[in-house]
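Worksheet: one structure, shown below.
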Amino acid sequence: MYNPQIAKMFEEIASMLELEEGDHRFEVLAYRKAALTLETTQEDVADIYRKEGIKGLMKLPGVGKGLAGKIEEFMAKGRMRKYDEMKRKYPIDFQGLMKIQGMGAKKAYKLYANLRIKNVDDLKKAIAQHKISGLEGFGKKSEEEMGKGIAMLESGGGRMLLGLALPEAESIIARLKESRLVDRVTIAGSARRMKETVGDLDILTSSREAQRVMDFISKMPEVERVILMGPTKITVRLKIGLNCDIRVVDDASFGAALQYFTGNKDHNVKVRQIAIKNGYKLNEYGLFDKRGKNLAGPDEESIYNRLDMDIMDPEMREDRGEVELSLAHKLPRLVGLSDIRGDLHVHTNHSDGAHSIMDMANYARKIGRQYIGITDHSKSEYVAHGMDEKKFVKHLDEIDKANDKLDGSIRLLKSAEVDILKDGGLDLDDKTMDMMDYRLASVHTSLRMGRQEMTKRVIKAMESGYMSIFAHPTDRKINERSPIDMDLDKVFEAAADNNVILEIDGAPDRLDLNDENILKAKRYGARFSIDTDSHSMQNLTLMRYGVSTAKRGWVLPGSVVNTLGVERLLKEFKK
DNA sequence: GCCGTTTTCGGCCCGACTGTTTTCAGTCG
């Protein structure tokens, strides 16, 4: 996989260009944009190049003739002349140093020019010896902030799971509402777009008492320390190890600000370009005409509507074609939480869940589910107390009895999460599986198997005729474990051929399939099941993470099986 | 260096905050 390596080189070239004489602003932007594209492109550039040559590379957004040539050069020779030349002049670890808050290319270079600081270790030593504060343009405060920045990095400054960050944001929002200092308050940024991980939290409020809001925030119990505070913006470090930006605007600007701070960046750039084409100017304070009159209303929708666009769900705002569809008034109606009727991936204390069948059923009914599928583990998962055939017969019988007791108030479906064995066989015998309403199947062992073997393994399981749903298909764990290596195109094709439903597992550390893979699967006509993979009653409420992931993959309600009523769903499983 | 319903040249988002400044460069989102 060349992508991360080349992305890093482009990033570094961008940093070095910032130090060169003359105006390289836009060249810098171009390198950074291409680096971002490479970081987020799943397909290896080597594969793209093999299939479509340099023209294929140039199809990548932000990659033109020049940068495509540099990618080609690196793949052929293992080096990039421009990078090597510049690196000789600036032998600095920009990537490492610039991860420190407040450090950009220019400061990094000053440190190198004056103190020969090349990397974070050098910087640490210089700080310890108080060499920074003596430098022109730096002071005592700079030295302190750098020290704090390094400490923050070392305590894990990476991106946090949405499932941890969003509840924290919601409790901060609740606190602000209770304070009565704010008119409106809401989440913005990547958390509002429900990205699987977030680098920080953005919260937007409107108030006539900005200063009091600032003071209030700085004293909240969630806050570890204030990083910066101005009249309308405050950045704080939260105790959970995440930064949080909170902005205060006038209520009249709230809609414009919410649009602006929700992003993402590329989406905003396009919307602003449309504003310019219409003779307007769009910023976080409003939509202004030539005379400077603010045309925006109090909400986001009025801004889009003024531009003759339809408003789209925040999850769509990633510049993946939603702007164009919105202009054409052809936005799809995506699946929403209220479409979901059941949950087809639920564990109980018969394997590794915390609660009984009845507890799970009652809780699920309380939060509005019409049915849930009980999917305890099969015998290979002995660490998860997986059951063998004999135990399953008894277990399935208990589900029947629970259904009798529940008397139709919620329906329990008989199922299992069956292991896909190393050879592609399933972990229970046919007779036992025949007793179930449907079956989940998933990979839990031999995760490092090679690509071809893994692909064959999964497809063989799909062809068994017993696999109703492919649960957490790639088996990745965010920030913990890479996805298993398989040819997703072939797997998705086999799923469609064998009527296998693909799961969108809503457990916040899985979110599997993810947005990109959902978009890919859709091209093969995939159908989905959005589940929680619950191991406790509380987990049943995680459905929103799965639904938002589906939205990020532009999933329509009609292709999600658990939007169906239970009778229709059972008919689907019989097919 | 990229890109195209201002299309092969001339744009490319722009406002907030900080530290070290005495008017602003650097960084961030």
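In what follows, chains carry the letters A, B, and so on, assigned in the order in which the sequence lines appear, proteins first and then strands, with residues in each chain numbered from 1.
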Roughly how many Å apart are [M] and [N], using the [atom1] atom of each and rounding to a whole number?
N: dT20(B); M: dG29(B); atom1: C1'; result: 23 Å
N: dT21(B); M: dC17(B); atom1: P; result: 22 Å
N: dT8(B); M: dG1(B); atom1: C1'; result: 15 Å

* Asked: In the strands shown, is dT8(B) matched to any nucleotide by a Watson-Crick or G-U wobble pair with both distances under 3.5 Å, and which?
  ->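 In the structure as shown, dT8(B) has no Watson-Crick or wobble partner.
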Is the phosphate of [N], meaning OP1 or OP2, less than 4.0 Å from a side-chain N or O of [X]?
X: Thr235(A); N: dC28(B); answer: no
X: Lys277(A); N: dT6(B); answer: yes
X: Lys141(A); N: dC17(B); answer: no
X: Lys233(A); N: dC17(B); answer: no

* Is the gap between the ring centers of Tyr90(A) and Tyr112(A) under 6.0 Å? ->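 No: the rings miss the under 6.0 Å criterion.
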Looking for any heavy atom pair under 4.0 Å, which part of the strands does [X] touch: base, sugar-phosphate only, or nothing?
X: Tyr109(A); value: nothing
X: Leu327(A); value: nothing
X: Lys265(A); value: base
X: Lys270(A); value: nothing
X: Val28(A); value: nothing
X: Thr232(A); value: sugar-phosphate
X: Lys140(A); value: sugar-phosphate

Can you figure out which of [options] approaches the side chain of [X] most closely?
X: Ala30(A); options: dG1(B), dG19(B), dG29(B); answer: dG1(B)
X: Tyr285(A); options: dG1(B), dG15(B), dC13(B); answer: dG15(B)
X: Asn283(A); options: dG19(B), dG15(B), dG26(B); answer: dG15(B)
X: Lys281(A); options: dG15(B), dT27(B), dT18(B); answer: dG15(B)
X: Glu284(A); options: dA16(B), dG19(B), dC2(B); answer: dA16(B)
X: Leu29(A); options: dG19(B), dG1(B), dC13(B); answer: dC13(B)
X: Asp202(A); options: dA16(B), dG29(B), dT20(B); answer: dG29(B)

* Asked: What's the OH-P distance between Tyr280(A) and dC14(B), to the nearest Å?
  ->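 About 18 Å, once rounded to whole Å.
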* **cation_pi(Arg212(A), Phe216(A)) dist<6.0 Å, angle<=45** =>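 The answer is no; the distance or angle limit is not met.
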